[in-house]
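This report refers to the structure that appears directly beneath it.
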Amino acid sequence: MDLRPLRPFTWAFALLLFIPVSLVLQVAVGPGVAVFAVTGVAIVPLAWFMGLATEEIGKHAGPGVGGLLNATFGNATELIIALFALANGLSDVVKASLSGSIIGNLLLVLGLSMIAGGLRHKTQSFSREASGTHTTMLLVAVIGLIMPALYVFSAQANGGMNVLILDEMSLGIAAILLAVYVFGLLFSLRTHRDIFNPVSEKEEKPRWSLRVAVLVLVAATIVVAGESELLVGSLEAARTSLGLTNLFLGVVVVAIIGNAAEHGTAVLMAARNKMELSIAVAMTSTTQIALFVAPILVFASLLTASMMTLDFEVFELVSIALATAVLASVVSDGRSNWYEGVLLVMVYALVGVAFYFHP
Amino acid sequence: MDLRPLRPFTWAFALLLFIPVSLVLQVAVGPGVAVFAVTGVAIVPLAWFMGLATEEIGKHAGPGVGGLLNATFGNATELIIALFALANGLSDVVKASLSGSIIGNLLLVLGLSMIAGGLRHKTQSFSREASGTHTTMLLVAVIGLIMPALYVFSAQANGGMNVLILDEMSLGIAAILLAVYVFGLLFSLRTHRDIFNPVSEKEEKPRWSLRVAVLVLVAATIVVAGESELLVGSLEAARTSLGLTNLFLGVVVVAIIGNAAEHGTAVLMAARNKMELSIAVAMTSTTQIALFVAPILVFASLLTASMMTLDFEVFELVSIALATAVLASVVSDGRSNWYEGVLLVMVYALVGVAFYFHP
Amino acid sequence: MDLRPLRPFTWAFALLLFIPVSLVLQVAVGPGVAVFAVTGVAIVPLAWFMGLATEEIGKHAGPGVGGLLNATFGNATELIIALFALANGLSDVVKASLSGSIIGNLLLVLGLSMIAGGLRHKTQSFSREASGTHTTMLLVAVIGLIMPALYVFSAQANGGMNVLILDEMSLGIAAILLAVYVFGLLFSLRTHRDIFNPVSEKEEKPRWSLRVAVLVLVAATIVVAGESELLVGSLEAARTSLGLTNLFLGVVVVAIIGNAAEHGTAVLMAARNKMELSIAVAMTSTTQIALFVAPILVFASLLTASMMTLDFEVFELVSIALATAVLASVVSDGRSNWYEGVLLVMVYALVGVAFYFHP
């Protein structure tokens, strides 16, 4: 097997060393801050390899199927971690990490991308049509999340809340959001591919053979699953030692681990003046989480002891809605500069302050 | 009298048969689901004829007066039904049907129009300036509705609510909204007519004589009034038998009956690639309801036993605000495609789920 | 000293006569409605001279420093009044006057400007990029104000509120907003000056010598400080005699006094078809208040007995957010007409009705 194509990723190979370290720590010390931190780092290169492998398989399979693969496996790491957390009854942490991923992608990743790109280029431009469609999709997701929160608010004010209704409502909303996602795939991969296909992507040739790519994907997925189990198992212990709330842990820590690889890609693309691609990576990842990962988790939670409903904390919900609003305001003209990046990062800081002081 | 120009509307004539049926049922069975359903269907062709007649009179009167007529009689059916409901003390149903009309026009009608048009044409375009003005007008209406809701929320939290203040506030807001509407007519029919006048409308010649048109309008209005009385009279009985809430009944059922004819027109126009006209019909109808029908009903309710205030249910208010936001996001680029239509319909579905489970 | 350049401002000189009148009244009658009204009028010409002097010094110092001076002293009058009010423990009035300034600038000043300009010119255009950046900056400020309000709401629902947390949160948010402002200066005065520099401004030559300008600025500032002390001292008495709430007083009265001079400039510019400048004056003033004056006051309040936190009344907060939304909708196309002005003024009227009836 020819391993040369893997050479440029020595940083990722180096980080893979954290995998055996995590196993040793788990056995020697047991679940705690150490295991949590080390597995967190170990997942980053694995997510990177999963992304690469998916991309390579896509190149072999042609743009249509490739897009579908990216759309389905793009957030596989997060999905795997979330499934383990759900199985452990940690649906609050899962919801917080979903919020954190959305807020982090929209504000931190896009903000840093616009800063990285804007420091070298006065103005960068990108497709208003693609970013506009993504913005509307996110808005639809936000509306889907507002409805159960409103039900809880309204029901609590009027006396008692019916948990069964919240369950059914969440299932109904999850089904609608999933439909939005599926129709969105049809739109972006079929009927209106030209809007979503930045030129540079088309010309690339596969660097790995199909066999290498599939092997890497399968191996990385299995190891990610193992590491996710360790991560989730040590989460509770880590939380208590560090004195953090479930919300802060989910929103900040878990969300960053699950998306670190993509974040790097987006910022790199922006610095290379490929703002179009940078925005595509960050926004596609966000709509995937809101319209695919979240609904899938709702359905998956039916198999666990307690269902994951879609009623988010008011702080999370407001932050997601405001992040969507500020993003819409920033991307509406199809151009970006360093200051728009700063504004996004500052909103992330405001949200961070709020979550830090959250009761 | 030459009836040939009426020939193409055999479907409407067929539906007129529901009028005698409704009378027979009312006498034979009394108010209930049957009368409610049959009068509901009977009103649809009547509304269609009222719309046609108004249009024809407008052609005789010239574009300025024609526009004014359309602006005033465009939602006459709804206004008549609402007045009967107000006289019966059903102000909750009236408010719910206003919300339902607004949400239905913005999400369902425009959504289906964009789907119908988008399935045949890859991208359809329309005037950003006209749709932008309508969006801002709707936003002003939303702000007008938020204020009393905020007062109720704030007053309830601080102890007691003063019903008199809510009445005065509603009158003040209704007066402002009506002023917004009147200035809007001046703007769209006088000073900036070119923005709002899609070309195709200018060339049409009257198909009916002025006499026929006036006769049809008067006759249809009288019959609509009669049917509306039956509809409202059977509403309570129908509601109980079907186990529906006032809110669901108003938002979904009454709103659809009152707007069915316009809905058909908008979708038809879109399919014929006249997206400009389709959007004009749906958005003009919506701003009319929010800025003309609603304030008129507030003033009209002064003549009834209990005033209709402008404090809407939080679910209704949030849905109207979110429908406006998603619409603004969709029309901001002056272009539409089938997926934007799907997104609007999906938001309608989300709102529907929420209203269905509403406590 | 050559005083000819001051001649065109006889109206301002005439109003200066209110200064001795205010002193006489204060001694003869004592604090009350009379002193309040007279000092209110006396501050208007002083603010006008401070603005002129800052502008003239800026012309001598060159565009970079001039911009910085305008950015810092542009709202000096308001800052001075607010500092005196803070020292008197009137932080509620200060917050209300901040809200009032923001709402008034966005809705009343811009609305009247668009009407004044739109009555003479069918459509007026301005830079979408500059107004878009200002809109996003305002949105960031709104997000900063939502967070503490959400904390208060959330904490009150969950039992008890921790005042210390609110203090720390306000300091953190104030620091972030100030950073947004400083980076914004760097952006608008340095890296992207071309976007924010309407052509006409560049060509102007100083009309006053540097000495005259500095003298006028120093003298006017000292007198404004004295008048502000009288104004704040008579505020409580005036409030009681007129039967107004602190909120109404702050939002409507104090906000208008502090901004009267700028309001005049913006409307005048619009009437002369310099919409670009008119929008620049109104929006720059607003972002200054939200991102510079408000945070500075939070830090300054650390020196007084009770800190000024950033949790605004829900009515104020919602009004600021809605004003920002409707403004974003109006300026998004880079064009204005008289009806958009009417819409802004009508939203101001809606907010006014709400504040008038506020419990």
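The structure presented is a predicted model; accordingly, all values stated were derived computationally and were not measured.
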Turns out that what part of A/V326 lies under 4.5 Å from chain C's heavy atoms comes down to both

Can a donor-acceptor pair be found, under 3.5 Å and without considering hydrogens, that links the side chain of A/Y339 to the backbone of C/V180? yes

Quick one: does [X]'s side chain get under 4.5 Å of [Y]'s, heavy atoms only?
{"X": "A/K122", "Y": "C/T191", "result": "no"}
{"X": "A/V351", "Y": "C/M147", "result": "yes"}
{"X": "C/H192", "Y": "A/N337", "result": "yes"}

*Parallel under 30°, tilted from 30 to 60°, perpendicular over 60°: which one fits the rings of A/W338 and C/F187?*
perpendicular

Please round to the nearest 0.5 Å and tell me the distance separating atom [atom1] of [X] and atom [atom2] of [Y].
{"X": "C/I146", "Y": "A/L350", "atom1": "CD1", "atom2": "CG", "result": "10.5 Å"}
{"X": "C/L178", "Y": "A/M346", "atom1": "CG", "atom2": "CE", "result": "10.0 Å"}
{"X": "C/L150", "Y": "A/S319", "atom1": "CG", "atom2": "OG", "result": "7.5 Å"}

For C/M169 and A/A354 the tightest heavy-atom approach is CE-CA, 3.8 Å

Locate the shortest heavy-atom distance separating C/Y151 from A/F357; write the atom from each residue and the value.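 Scanning both residues completely, I find the closest heavy atoms to be CE1-O, 3.8 Å.
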
Please look at [X] and chain A and tell me whether the side chain, the backbone, both or neither of the residue comes under 4.5 angstrom of a heavy atom of that chain.
{"X": "C/L166", "result": "neither"}
{"X": "C/E129", "result": "side chain"}
{"X": "C/L139", "result": "side chain"}

In terms of heavy-atom contacts, does CZ of C/F299 have more than 12 from other residues, nucleotides or ligands at under 6.0 Å?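 Yes - once you tally the heavy atoms of other residues, nucleotides and ligands closer than 6.0 Å, there are more than 12.
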
CZ (C/R128) with more than 12 external heavy atoms under 6.0 Å: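 Yes, because the 6.0 Å sphere around CZ of C/R128 holds more than 12 heavy atoms from other groups.
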
Which of C/I143, C/I176, C/T136 passes side chain to side chain contact (heavy atoms under 4.5 Å, CB included) with A/V347? Answer is C/I143

